[in-house]
Amino acid sequence: MKNGSPIRWGILACGGIAEKFADDLAFVKDGYLAAVSSRELSKAQQFASKYGPDVKAFGSYESMVHSGEVDVVYIASPHGLHHEHTLLCLNAGIPVLCEKAFAINSKQVAEMIQTAREKKVYLMEALWTRFHPSMAKLLEILDSGVIGDVIHLMADFGFKADYIPEARWFNPSLTGGSLLDIGIYPLFISKLVLGLPKTIKASATFAPTGVDMNTSMIATYESGATATLFSTFAAKTDTTCTIYGTKGKIHIHSRFHETKGITLELEGEAPQFFETERLGWGYSYEAEAVQADLRAGKLENDWVSHQHSTEIMALLDEIRRQIGLKYPNE
Ligand SMILES: NC(=O)c1ccc[n+]([C@@H]2O[C@H](COP(=O)([O-])OP(=O)(O)OC[C@H]3O[C@@H](n4cnc5c(N)ncnc54)[C@H](OP(=O)(O)O)[C@@H]3O)[C@@H](O)[C@H]2O)c1
């Protein structure tokens with residue numbers, strides 16, 4: 001990364017989320033899409049062509065990572081491959097923003113973090129929601145104490161995924177299942193509001209491929225609060241989050257992980273709606289956070305720190321242990 005020059009982003013894997021992230025780099029100041037890579041050169045070329053003639057296309061992830069053309073890589077492969085692809089970048093000295101779920105399990109996450117620290121290279125999990133203006137508003141309301149003590153949090157995330165056994169959502173070898181894919185968002189918001197649970201209990205039902213279709217979780221906290229969390233690939237659910245306090249409640253509107261608004265309802269008062277900004281798809285905020293960290297010479301982000309990702313993965317491991325979900329590649 002040259003001092004003063006805009007930061008050159010490279011995208012590893014040209015799938016669905018990669019396209020949204022690439023779209024949103026247009027909102028990012030001081031950085032731009034420099035290169036994309038795919039297992040097939042023609043796919044990378046087609047993807048790159050949508051973002052202008054100067055975006056370089058590579059026919060393998062390795063060739064982009066070692067090209068000298070990128071300052072930071074956004075990893076957008078299926079989560080079962082995040083560990084391998086993160087190590088590829090870190091070992092080449094290239095900073096990484098890696099999609100969630102960060103990897104398959106805690107062992108892989110520990111190796112990724114250890115490598116980042118040994119090589120002194122930046123690494124962050126792409127928990128984009130944390131950087132949305134809506135989360136700053138949520139924390140402002142919570143910190144003001146207006147809703148009193150938080151008693152309960154409810155959050156769900158569900159959509160109806162086409163049942164294709166080989167596809168990422170259902171394929172065990174691509175680490176399919178609703179928990180790691182979208183159940184991570186209810187877990188994330190519960191952790192942001194209530195911290196780590198004292199206990200967590202989970203139950204799941206499964207798709208014919210053996211990965212979880214529906215996962216329900218119940219958590220308790222030292223404060224006395226509880227949370228109910230849910231993820232599914234079988235139905236479109238509200239995908240909201242409601243936080244109940246002793247003096248009122250906060251409702252994060254659908255879909256809560258990319259919301260544009262929050263309603264505060266205090267006892268005896270009319271509900272107040274707060275509109276919150278979301279530029280584009282909502283991915284520019286995390287990209288700007290990464291850029292600010294890189295400019296400041298940091299090796300991890302303060303909000304989505306290595307410890308944060310370690311704690312989220314430990315919860316995912318424990319939930320999978322309880323529901324009996326193991327992946328073939330772990
Ligand atoms: N933050 C968010 O809002 C959000 C939303 C959706 C997904 N995600 C995360 O982003 C990651 C990718 O999700 P996606 O929906 O973009 O998936 P996707 O559309 O299936 O794209 C994944 C890409 O990974 C590459 N890949 C490498 N090895 C592969 C293999 N063996 N099988 C299939 N693909 C392989 C492919 O790119 P090439 O063919 O170009 O190599 C493929 O297009 C997941 O970890 C997911 O959890 C995050």
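Ligands are counted one by one from 1 in listed order, and the atoms in each one are counted from 1 as well.
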Q: Considering heavy atoms of the protein only, find what lies nearest to atom 17 (O) of ligand 1 and give residue, atom and distance to 0.1 Å.
A: Arg168 NE, 3.0 Å
Q) With sequence neighbours left out, which residue pairs that include part of residues 188-203 fulfil the salt bridge (charged side-chain N to carboxylate O under 4.0 Å, His left out) condition? A) Lys191-Glu311
**Q.** Nearest-0.5 Å distance, CZ of residue Phe157 to NE2 of residue His257
**A.** 3.5 Å
Q: Within a distance under 4.0 Å of any heavy atom of Trp128, pick out the atoms of ligand 1 and give their elements.
A: 1 (N), 2 (C), 3 (O)
Q) With distance as the sole criterion, is a donor-acceptor pair present between the side chains of Ser106 and Asp317 under 3.5 Å? A) yes
Q. Can you tell me the protein heavy atom closest to atom 27 (C) of ligand 1 and the distance?
A. Tyr61 OH, 3.1 Å
**Q.** Ionic contact status for Glu125 with Lys100, cut-off 4.0 Å
**A.** no
Q | Sequence-distant partners of Arg130, salt bridge (Lys or Arg N to Asp or Glu O under 4.0 Å), two or more places apart | A | none
Q.
Please list the nearest protein heavy atom to atom 48 (C) of ligand 1 with its residue and the distance rounded to 0.1 Å.
A. Glu99 OE1, 3.1 Å
Q) Where is the nearest protein heavy atom to atom 47 (O) of ligand 1: which residue, which atom, and how far? A) Lys100 O, 2.8 Å
Q) Could a heavy atom of Trp281 be found less than 4.0 Å from some atom of ligand 1? A) no
Q) Going by atom types only, do Glu277 and Tyr285 share a side-chain donor-acceptor pair under 3.5 Å? A) yes
Q) Can you tell me if Glu40 has a non-hydrogen atom under 4.0 Å from ligand 1? A) no
(Q) Heavy atoms only: which of Ala44, Ala76, Ser38 lies closest to atom 22 (C) of ligand 1? (A) Ala76
Q) Can Lys43 be said to sit on top of Phe47's aromatic six-ring, NZ or CZ under 6.0 Å from centre and within 45° of the ring axis? A) no
Q: Verify whether one side chain among Thr232 and Asn214 offers a donor that lies under 3.5 Å from an acceptor in the other.
A: yes
Q. Taking atom 31 (N) of ligand 1 as the point of reference, which of Glu166, Arg39, Glu84, Gln46 owns the nearest heavy atom?
A. Arg39
Q. To the nearest 0.1 Å, how far is atom 11 (C) of ligand 1 from its closest protein heavy atom, and which atom is that?
A. Ser77 O, 3.2 Å
Q) Using the benzene-type ring in the case of Trp, are the ring centres of Phe256 and His251 under 6.0 Å apart? A) no
Q) Does ligand 1 have an atom that lies less than 4.0 angstrom from a heavy atom of His82? A) yes
Q) Heavy-atom contact under 4.0 Å between Tyr185 and ligand 1? A) yes
Q) Tell me: protein heavy atom nearest atom 24 (O) of ligand 1, and distance? A) Pro78 CD, 3.2 Å
(Q) Among all protein heavy atoms in this structure, tell me which lies nearest to atom 3 (O) of ligand 1, with the distance rounded to 0.1 Å. (A) Tyr283 OH, 2.6 Å
Q: Tell me yes or no: between the side chains of Thr175 and His79, is some donor less than 3.5 Å from an acceptor?
A: no
Q: Measure the distance from atom 19 (O) of ligand 1 to every protein heavy atom, then report the residue, atom name and distance (to 0.1 Å) of the closest one.
A: Gly16 N, 2.9 Å
